Amino acid sequence: KKPKRTKEEIEEARQLKIKKMEEEEQSRWRWWEEEKYEDGVKWRFLEHSGPYFPPEYQPLPDHVNFYYDGKKVKLSLAAEEVALFFAQMLDHEYTTKKVFRENFFQDWRKEMTDEERSLIQELDKCDFGEIHAMHKAKVEARKNMSKEEKLVCNIQFRKVLKEANQKILDEYGYCLLDHHRERIGNFKIEPPGLFRGRGEHPKQGKLKKRIQPEDVIINCSKESRIPVPPAGHRWKEVRHDNTVTWLASWTENIQGSIKYIMLNANSKLKGEKDWEKYEVARKLKSCVDNIRNQYLMDLKSREMCTRQRAVALYFIDKVGVTVVILKLALRAGNEKEEGETADTVGCCSLRVEHITLHDTLDASECVVEFDFLGKDSIRYYNKVPVIKKVFKNLKLFMEDKQPGDELFDRLNTSLLNKHLSSLMPGLTAKVFRTYNASITLQQQLKELTNVIILFFFPCRLPESDSVAEKLLSYNRANRAVAILCNHQRAPPKTFDQSMANLQSKIEARKEQLVLAKSELKQAKKEAKAKGSADAKLQALVVRKKMAVKRCEEQLLKLEVQATDREENKQIALGTSKLNYLDPRISVAWCKKMEVPVDKIYNKSQRDKFAWAIDMTEVGFEF
DNA sequence: GGTCATGACTCAGAAATTTGACT
DNA sequence: GAGTCAAATTTCTGAGTCATGAC
């Protein structure tokens, strides 16, 4: 059995943790206080250990077999490994899809020996049952490890495993960049497996090949300790390019695109770029009115391509309607090679079939109904009233076109961005998303957090909002942005259950409150009857009062939690929080509302936004 | 000047893993 | 104080954006 930890030991561990955090803070590289490098230079010194390669394939044990057409077949090592990839995924819906199965089978056969290939002709005749069962048992065993932890060997096993992982992290997880130790984001080479695209990807199921050192390019300083390739291997190339941020790269075999090993989000290189991004978006704030006026004028242009550009910009920026402001915030929409990826679109690549025009709809005029698959094959569905000029133009663009034709046939992202950068240096379609997201957060926070109440009822101080209520307001503001950016998630599998659990907790707490209240009443009654002389009874009343208060607070907290969770069912807050919202807005809000920053940002988020946490004053305006 | 390929980087949700609250 | 389980966090890697340079 695990030896019990004494109170002293627990306290010691706590102190150690605090000390470690303080040390971390002390040693943090405050790069935002330093001078920036000349244009294009990303680093002056870079040293690292190269990427970490996944372990070699371990052949199946003798009792686990593959069967073809009912007969046991001993596969070659290469074919067996790929068979395992498929068997591992059998519980997943992917393996039932026709495209996935066909792609897999085709690529699998390429890995087979001639003999295997002539025998194994149909996927339906393959029986991966035993391999699948073995894999499931392995996963189960790992899951149950904590239950069996009582067995000393298991504890040791876990410890060894943890230590081994730590060793890998220490060795490969960090680099030295300009005298500072920086964490690497993805230091592991992606292991081989079956490609899983998103949505209806034409290449799903294809074999993602094992990457060898001979495929990898290393990037580091000339004068640094050059990473040593695994024994018996060599690198494809070692280069010393300080105008890029990556440490290693390789070309993957599915799309032929390049994969990179880069630094963690809390690094200088990523942080500085992030800061810059928000500064560009803030610059847009000062000239957005002019830009809007310009594209509203362009809607009447004689040039068709100018008109298309104006309508596209209108989609990318926003739609202003008299009472409510409805925003669209579409992505730019680059062209994609047909048949190479799932059929998804953004603004410039919209097709006629993706929008429906309604002269009137739900008491609004000139409504555009959008229905298309965007990035990651996430559906974008929205009905938005637009100004007449935009509506008329859309009708014009759609004239004599087939559903599959491009809506903006005279426009692409390159033209759009060229135009934008002529209006403001650094301006691209993407900046509008950042700008609109951040400005929305700022507005929503102002509206939602009691400012009005404070103004009209100065006796009600912001403190009267509990931290839980303030956080609900923050999450609602965050949610408004996530909806704007169409950041969706699949509802968690356990959602209904966890909601029901929470509800029953609320009911229990309510009952408890009723009970506490009646006990308080009773205590008061008794105290009154005995007069104020009885100190014991007076103390009881105080205690009961406290109990009621505590109960009420807990109930409120649970109710707030329930509201928050329900509203969050299909919305992913993380993406906007991490990528679109200027952290300085949140930090300033925390300061103003006296909410600790760690209620908003967890440890790694605080690391990522350390620059903002450090420099932001309470009065910061985006 | 337009188009096309390529490279480098940001953004994205799912899945795996860890944490910590509750019983 | 241990066991359980949901929630939080981290990891993973696919999918975009956008600039550049060759033709």
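Residue numbering restarts at 1 for every chain, and letters A, B, ... go by the order of the sequence lines. Everything quoted here is computed from the prediction, not taken from an experiment. Heavy-atom basis, side chains included; hydrogens, waters and symmetry copies ignored.
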Compare side-chain N and O positions of [X] against OP1 and OP2 of [N] and report whether any pair is under 4.0 Å apart.
X	N	answer
A:H487	B:dC11	no
A:T245	B:dC9	yes
A:N602	C:dA8	no
A:K277	B:dC11	yes
A:Y260	B:dT10	no

Taking atom NZ of A:K209 as the centre, report whether more than 12 heavy atoms of other residues, nucleotides or ligands fall under 6.0 Å from it. no
Take the angle between the ring planes of [X] and [Y] and call it parallel below 30°, perpendicular above 60°, tilted in between.
X	Y	value
A:F609	A:Y601	tilted
A:W31	A:W275	tilted
A:F187	A:Y52	perpendicular

Complementary nucleotide of C:dA8, counting Watson-Crick and G-U pairs under 3.5 Å: B:dT17
Under 6.0 Å between ring centres: does that hold for A:Y172 and A:H48?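 No, the ring of A:Y172 stays outside the 6.0 Å limit from the ring of A:H48, centre to centre.
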Go nucleotide by nucleotide along DNA chain B from the 5' end; which of A:R433 and A:V244 gets its closest nucleotide reached first? A:V244
5' precedence on DNA chain B between A:A490 and A:S249 (nearest-nucleotide basis): A:S249
Is it the case that the side chains of A:R433 and A:Y580 hold a donor-acceptor pair, with the cut-off being a distance below 3.5 Å and no angle test?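 Yes, A:R433 and A:Y580 have a side-chain donor paired with an acceptor closer than 3.5 Å.
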Whole angstroms only, please: what is the [atom1]-[atom2] distance between [X] and [N]?
X	N	atom1	atom2	value
A:D274	B:dT10	CG	P	8 Å
A:R379	B:dG13	CZ	C1'	18 Å
A:F187	C:dT10	CZ	C1'	12 Å
A:Q88	B:dA15	CD	C1'	14 Å
A:E276	B:dT10	CD	C1'	13 Å
A:L573	B:dG13	CG	C1'	13 Å
A:Q570	B:dG13	CD	P	13 Å
A:I217	B:dG7	CD1	C1'	11 Å

Base, sugar-phosphate, or nothing for A:K273, non-hydrogen atoms under 4.0 angstrom?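 Sugar-phosphate: the residue A:K273, judged by heavy atoms under 4.0 Å, touches backbone atoms but no base.
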Categorize A:R183 for me: base, sugar-phosphate, or nothing, with a 4.0 angstrom heavy-atom threshold over every strand shown. sugar-phosphate
Under the rule for side-chain contact (heavy atoms from CB on, under 4.5 Å), what residues qualify as partners of A:T306, not counting sequence neighbours? A:D298, A:S301, A:E303, A:R309
So among A:E252, A:E190, A:E81, which one has a salt bridge (charged side-chain N to carboxylate O under 4.0 Å, His left out) with A:K208?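 When salt bridge (charged side-chain N to carboxylate O under 4.0 Å, His left out) is applied between A:K208 and each of A:E252, A:E190, A:E81, only A:E190 qualifies.
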Where along nucleotides 13-23 of chain C does protein come under 4.0 Å, by heavy atom, of base (B) or sugar-phosphate alone (S), with - for untouched nucleotides? SSBSBBS----
